[in-house]
Amino acid sequence: MVQISESFTAIDDDVIDGLDQWRTLPIKQQPAWSDPAALEAASAELATLPPLVFAGEVDTLRRRLALAAEGRAFLLQGGDCAETFAGATADQIRDRVKTILQMAVVLTYGASMPVIKMGRMAGQFAKPRSSDTETRGDVTLPAYRGDIVNGYDFTPESRQADPARLVKGYHTSASTINLIRAFTQGGFADLRQVHSWNKGFAANPANAQYEHLAREIDKAIRFMEAAGADFDELKRVEFYTSHEGLLMDYERPLTRIDSRTGDPYVLSSHFVWIGERTRDLDGAHVDFLSRVRNPIGVKLGPSTSPDDMLRLIDKLDPEREPGRLTFITRMGAGTIRDALPPLLEAIKGADATPLWVSDPMHGNGMTTPTGYKTRRFEEIMDEVKGFFEAHRAAGTHPGGIHIELTGDDVTECLGGSEHIDEATLATRYESLCDPRLNHMQSLELAFLVAEELAAD
Ligand code: PEP
Ligand code: CO
């Protein structure tokens with residue numbers, strides 16, 4: 001049976017039924033909402049609110065990612081491990097966008113190819129957890145699952161999953177994406193502003209290197225302008241949003257049928273990925289995201305077998321559509337050189353060209369004796385290097401990086417040119433979840449990745 005929507009596009013009932021198939025499948029990492037009526041009200045409200053992105057933008061992104069999969073572009077995906085409602089301020093959003101723009105300039109220059117800029121922003125609010133509960137002393141409470149589910153404060157009230165947070169998550173995402181669009185369309189991201197994004201002391205090696213690069217870019221732009229080139233194109237940049245597609249009570253109501261084509265899209269962001277803990281082939285997340293048109297990422301940890309990977313391709317990209325599927329590998333610095341090559345060999349024998357992206361963060365976690373969750377900058381870099389080495393050896397394309405970062409001067413990851421050590425971690429540790437690279441470490445990483453790309 002086919003019904004006709006207001007915009008005269010046929011909506012296929014089978015498509016809608018399919019979108020709800022996940023409800024019958026095993027599902028992981030969902031909160032225990034305590035008030036079913038409140039959940040229903042929040043879902044109904046989300047379902048009537050406007051989408052946060054336009055399906056046409058999602059299609060453009062898919063085409064851009066297809067280029068990256070072929071080695072003709074590079075994806076830079078970065079942002080907080082977990083965004084917070086309190087952190088959605090103008091200054092923090094601006095500084096994260098700036099950091100990503102600076103990294104993109106460095107990478108574009110090093111790679112001499114387009115860099116697709118994508119934030120873990122405007123929706124990265126829900127977190128998978130290793131345990132459903134957290135115990136402090138003799139008190140056990142539900143684990144913090146991100147601001148879109150419950151509060152971080154360790155009290156029974158705060159830790160209760162509250163459906164009103166779903167709606168607040170939507171509005172916070174809306175104001176975040178609004179500011180991102182203003183910055184990236186309104187002149188702030190104009191390449192002629194390349195100097196003004198820099199901050200901090202030129203004495204820092206990464207800053208000094210950036211200043212040098214910015215001067216070269218300025219010179220090139222002035223030369224081309226003098227030669228009569230029209231640089232209006234430089235004024236706007238494409239910037240895409242992404243988050244882990246984890247919380248079904250948020251993603252399902254924000255999934256809409258595109259009036260142009262009748263196809264379903266998750267319109268909470270341009271790109272969504274499936275996490276390492278929820279990528280079961282027969283589980284709810286893989287089924288749901290197999291049915292939408294967005295480009296989809298899947299995290300692949302060190303235990304991924306070639307067979308798992310090939311079955312994920314069959315399920316998520318049966319048509320082998322360019323740009324549809326991204327594999328985000330997060331193997332660990334000590335493991336990537338063993339765990340990635342078998343996957344790359346297997347892909348060469350398959351009829352698929354997924355985009356390969358390195359997440360050098362999630363396989364390199366550690367806890368200090370003083371109890372801080374951290375990561376070593378050297379290990380993060382080493383995993384990126386291992387990623388490039390494996391692709392070079394296999395003849396496949398290293399197509400992007402996926403980084404947890406902030407534009408702020410936090411002290412969450414060890415090392416880098418500022419030599420953050422264990423004693424320094426306490427001075428400015430702000431993440432509620434995983435440790436992020438700070439502004440300077442992010443820039444340093446971009447220079448190191450640019451070297452790898454230039455060597456390719
Ligand atoms: C994340 O990206 O924040 C995350 C939880 O990653 P993974 O699923 O790879 O553990
Ligand atoms: Co994380």
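Indexing begins at 1, ligand by ligand and atom by atom, following the structure's order.
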Trainee: Please verify the inter-ring angle class for Phe388 with Phe74; under 30° counts as parallel, over 60° as perpendicular, anything in between as tilted.
Mentor: parallel

Trainee: Has Lys315 got more than 12 heavy atoms of other residues, nucleotides or ligands less than 6.0 Å from its NZ?
Mentor: yes

Trainee: Where the side chain of Arg428 meets the backbone of Leu425, is there a donor-acceptor pair that is under 3.5 Å apart?
Mentor: no

Trainee: Cut-off 3.5 Å, side chains only: do Asp421 and Thr424 have a donor facing an acceptor?
Mentor: yes

Trainee: Please list, in number order, the atoms of ligand 1 under 4.0 Å from a heavy atom of Pro128.
Mentor: 5 (C)

Trainee: Would you check whether Asp359 has a nitrogen or oxygen atom less than 3.5 angstrom from a nitrogen or oxygen atom of ligand 1?
Mentor: no

Trainee: Where the Co ion (ligand 2) is the centre, what is the NE2-to-OD2 angle for His362 and Asp434, rounded to 10°?
Mentor: 90°

Trainee: Suppose I only count heavy atoms of Arg277 and a 4.0 Å limit; which atoms of ligand 1 are within that range?
Mentor: 10 (O)

Trainee: Does any non-hydrogen side-chain atom of Leu325 lie less than 4.5 Å from one of Ile313?
Mentor: yes

Trainee: Output the atom name for the N/O/S atom of Glu404 with the smallest distance to the Co ion (ligand 2).
Mentor: OE2

Trainee: Parallel, tilted or perpendicular: which one describes the rings of Trp273 and Phe271, with boundaries at 30° and 60°?
Mentor: tilted

Trainee: Hey, which atoms in ligand 1 end up nearer than 4.0 Å to a heavy atom of Arg120?
Mentor: 1 (C), 2 (O), 3 (O)

Trainee: If you measure every N/O of Glu244 against every N/O of ligand 1, is any gap under 3.5 Å?
Mentor: no

Trainee: Has Thr60 got a side-chain atom pairing as donor or acceptor with Gly56's backbone, closer than 3.5 angstrom?
Mentor: yes

Trainee: Has ligand 1 got any nitrogen or oxygen that is less than 3.5 angstrom from a nitrogen or oxygen of Glu404?
Mentor: yes

Trainee: Quick check on contacts: which atoms of ligand 1 are under 4.0 angstrom from a heavy atom of Gly275?
Mentor: 8 (O)

Trainee: Going by the angle between their ring planes, with limits at 30° and 60°, are Phe327 and Trp356 parallel, tilted or perpendicular?
Mentor: tilted

Trainee: Going by heavy-atom distance to atom 10 (O) of ligand 1, choose the closest among His402, Met361, Arg330, Arg279.
Mentor: Arg330

Trainee: Pick, from His362, Gln124, Gln77, the option with the minimum heavy-atom distance to atom 1 (C) of ligand 1.
Mentor: His362

